[in-house]
Number of protein chains: 2
Amino acid sequence: MGTHFASHATASHRFPKFVVSQGAANVEGAVVQRVDSGTILFAEGDDAECVFEVVSGTMRLYKALADGRRQITGFASGGQMLGLAPERHYVCTAEAVTPMVLRRYQRRAFDRRIDSEPGMARRILQAVSNELRMAQDQMLLLGRKSAVEKVASFLLRLAETEADTETVDGDVADRIDLPMGRGDVADYLGLTVETVSRTFTKLRNDGLIALPTPSSVEILDSGQLRELAAGVADDGGMLRRAAGW
Amino acid sequence: MGTHFASHATASHRFPKFVVSQGAANVEGAVVQRVDSGTILFAEGDDAECVFEVVSGTMRLYKALADGRRQITGFASGGQMLGLAPERHYVCTAEAVTPMVLRRYQRRAFDRRIDSEPGMARRILQAVSNELRMAQDQMLLLGRKSAVEKVASFLLRLAETEADTETVDGDVADRIDLPMGRGDVADYLGLTVETVSRTFTKLRNDGLIALPTPSSVEILDSGQLRELAAGVADDGGMLRRAAGW
DNA sequence: CGGCAGATTGACACTAATCAACATGGGTGG
DNA sequence: CCACCCATGTTGATTAGTGTCAATCTGCCG
């Protein structure tokens, strides 16, 4: 790891837009709300007054250190709920990657439903548990995977969620659209923009993926990608060759 | 990061004891259970048939890659619940670091109480949310902190939890007992044993901590430790000195 | 067409991993 | 009771993998 000075933080990271446009349609306690990309929906430490549901678009959820180093803890899109955990304050910052449509609920109304509806708390628990499971996978990725393994895992995860929303079976999509830029991917995987870029290039040169544009990826060899993601520690035979096996 | 081959995995990691001794006392659906250190209480992927509560001792919770690389996602001690999330399978492995006393509940009985008692689901939700918050802190640590920052954060976190259980105020304990070895600390922080050891030594030489024994730490300068943990990127003036400021 | 943000590539620096030797210390058997 | 042994921890030398700094490329929008 380097010296960590946030030399690559861009202006949009440092001075994000705090404007939150007010929505219109009101359906059973929900307010539909439209926000521009770059909008900070809520910041780490804010009073958790609302719960949000993503209708369309992608958000980045992150925590940051004093000097600007940032760790994206997850991306939220299509149907995902934000601010579910019954904490007094938001535990991370939520910022729009793309223009978005959201449903906003008042925390108080939400809590009432939790206490009244029998199955409600259970459903929320299910959602939070799911987040926890993903968080633990991410810890394994951040703590123990190499750059290629991280990127491979990331691509496969995206491919699976895209396949879930588009198809019925548990297959992976062969074409992924990346709503976020290299900087976001880097902050998600605990890498730098340059390393992410180099790793994409390496995977392309090795024939595992194609990059029609920087923001769209085609998966050419999902098998090898999966091996990398699972951490089989196959480095293309470099070790074997070096040792003369 | 290195080549990741688990050359430092010890025999106890590879061939842990799977024996789980059967307990005796039965209090309102709970079975008290005693296990030796090294015992695997449950493994990642096992059917989640029981919920456990730690009475005494410390457990490591971890996920592992195919080649043995291991990421400890957390340590569980005094009063903490394991296997709360309503998943069909355990999402990580739980192994005793020290000899332990546990209370074991049947999952089915637990689910019944969740559905019957109104406040129950909410309390579980609270516990799972707390785990999620800690998981996100850990992601920030793993993805964006340097070795010293990681170790400083780790020590402070331990000191705070020890203070919570011993004192009333929010102060930190000045003396910490580490139930786990350097290997566990390394796998928790995404480092190697050697780096953890070197970092402890560095903190001792800098006068921030004392090490009466390898498994007990005294905090001498919690202020500077906190600065390190918060990521103020103060490297003790190394940069300035090197550049001749 | 020009400008600019994002992405890529290259050269180099540096952190932490690897490999290896040595220290410590708690337990066991003679 | 002491010597040995093995697990654990520490320290040293070297290197691999990423980070950093800097230049260049690409594509989009005014």
Side-chain angles (χ1 to χ4, degrees), chain A residues 1-15 37-38 67-69 97 142-151 178-187 189-205 211-217 233 235-236 238-239 242-243, chain B residues 1-14 37-38 69 97 142-151 178-187 189-205 211-217 233 235 238-239 242-243:
Chain A
M1 206 176 297
T3 50
H4 296 301
F5 296 101
S7 52
H8 288 283
T10 61
S12 75
H13 295 160
R14 293 188 186 287
F15 309 110
S37 73
D67 61 3
R69 278 174 283 167
V97 177
L142 291 169
R144 290 305 182 203
K145 288 188 183 175
S146 69
V148 267
E149 291 169 343
K150 284 177 177 181
V151 172
L178 303 179
M180 71 293 287
R182 295 289 184 268
D184 283 335
V185 177
D187 280 346
L189 302 179
L191 299 169
T192 58
V193 179
E194 294 92 331
T195 299
V196 170
S197 184
R198 272 186 258 270
T199 307
F200 272 115
T201 303
K202 178 179 168 29
L203 289 176
R204 175 167 53 71
N205 291 343
L211 291 164
T213 77
S215 65
S216 77
V217 183
D235 44 18
M238 277 168 54
L239 256 187
Chain B
M1 208 177 295
T3 51
H4 300 299
F5 297 100
S7 52
H8 289 282
T10 62
S12 74
H13 295 159
R14 294 190 184 285
S37 74
R69 277 176 283 167
V97 177
L142 291 169
R144 289 306 182 202
K145 289 188 183 176
S146 68
V148 267
E149 292 170 342
K150 284 177 176 181
V151 172
L178 303 179
M180 71 293 287
R182 295 289 184 269
D184 283 334
V185 177
D187 280 345
L189 302 179
L191 299 169
T192 57
V193 180
E194 295 93 328
T195 298
V196 170
S197 183
R198 271 187 257 271
T199 306
F200 271 114
T201 303
K202 178 179 167 27
L203 290 176
R204 175 168 53 69
N205 292 342
L211 291 165
T213 77
S215 66
S216 76
V217 183
D235 46 16
M238 277 170 54
L239 258 185

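As a basis for the values below, the full set of heavy atoms in this structure was taken, side chains included, without hydrogen atoms, waters or symmetry mates. Labels below follow one simple rule: chain letters A, B, ... track the order of the sequence lines, proteins then strands, and each chain is numbered from 1.
Distances from the side chain of A:Leu191 to the nucleotides D:dT10, D:dG19, C:dA17 place D:dG19 closest. Listed nucleotides C:dA17, C:dT8, D:dT10 differ in distance to B:Ser197; the shortest reach to its side chain belongs to D:dT10. Of all nucleotides listed (C:dT8, C:dA17, D:dT18), D:dT18 comes nearest to the side chain of A:Ala147. Taking every side-chain heavy atom of B:Ser146 into account, C:dA16 is the closest of C:dG10, C:dA16, D:dA13.
Rounding to the nearest 0.5 angstrom, the gap separating the CZ atom in B:Arg198 from the CD atom in B:Glu194 is 6.5 Å.
Atom pair B:Asp184:CG and D:dT8:P shows a separation of 10 Å (rounding to whole Å applied). Counting to the nearest Å, the P atom of D:dT26 and the CZ atom of A:Arg182 are 15 Å from each other. The distance from atom CG of A:Leu142 to atom P of D:dT18 is 13 Å, rounded to the nearest whole Å. Atoms CG (A:Leu211) and P (C:dG6) sit 18 Å apart, rounded to a whole Å. At whole-Å resolution of the value, CZ in A:Arg69 and P in C:dT15 are 13 Å apart. Between the CG atom of B:Leu203 and the P atom of D:dT10 there is a distance of 12 Å, rounded to whole Å. Separating the CD atom of B:Glu194 from the C1' atom of D:dT8 is a distance of 12 Å, rounded to the nearest angstrom. Between B:Asp187 atom CG and D:dG9 atom P the separation is 12 Å, expressed in whole Å.
Judged by closest nucleotide on DNA chain D, B:Gly181 is the one of B:Gly181 and A:Pro214 placed further toward the 5' end.
In summary, B:Asp187 and B:Arg69 do not engage in a salt bridge, as defined by a charged side-chain N under 4.0 Å from a carboxylate O.
Checked by atom type and distance alone, the side chain of B:Lys145 never pairs as donor or acceptor with a backbone atom of B:Lys150 at under 3.5 Å. Side-chain atoms of B:Thr195 never come within 3.5 Å of backbone atoms of B:Leu191 as a donor-acceptor pair (strictly under, hydrogens ignored). For the pair A:Arg182 (side chain) and A:Pro214 (backbone), a donor-acceptor distance under 3.5 Å is present.
Within the structure, a side-chain polar atom (N or O) of A:Thr201 is placed less than 4.0 Å from OP1 or OP2 of C:dT9. An OP1 or OP2 oxygen of C:dT15 is reached within less than 4.0 angstrom by no side-chain nitrogen or oxygen of B:Thr195.
The base of D:dG9 is not paired with the side chain of B:Arg198 by any donor and acceptor separated by under 3.5 Å.
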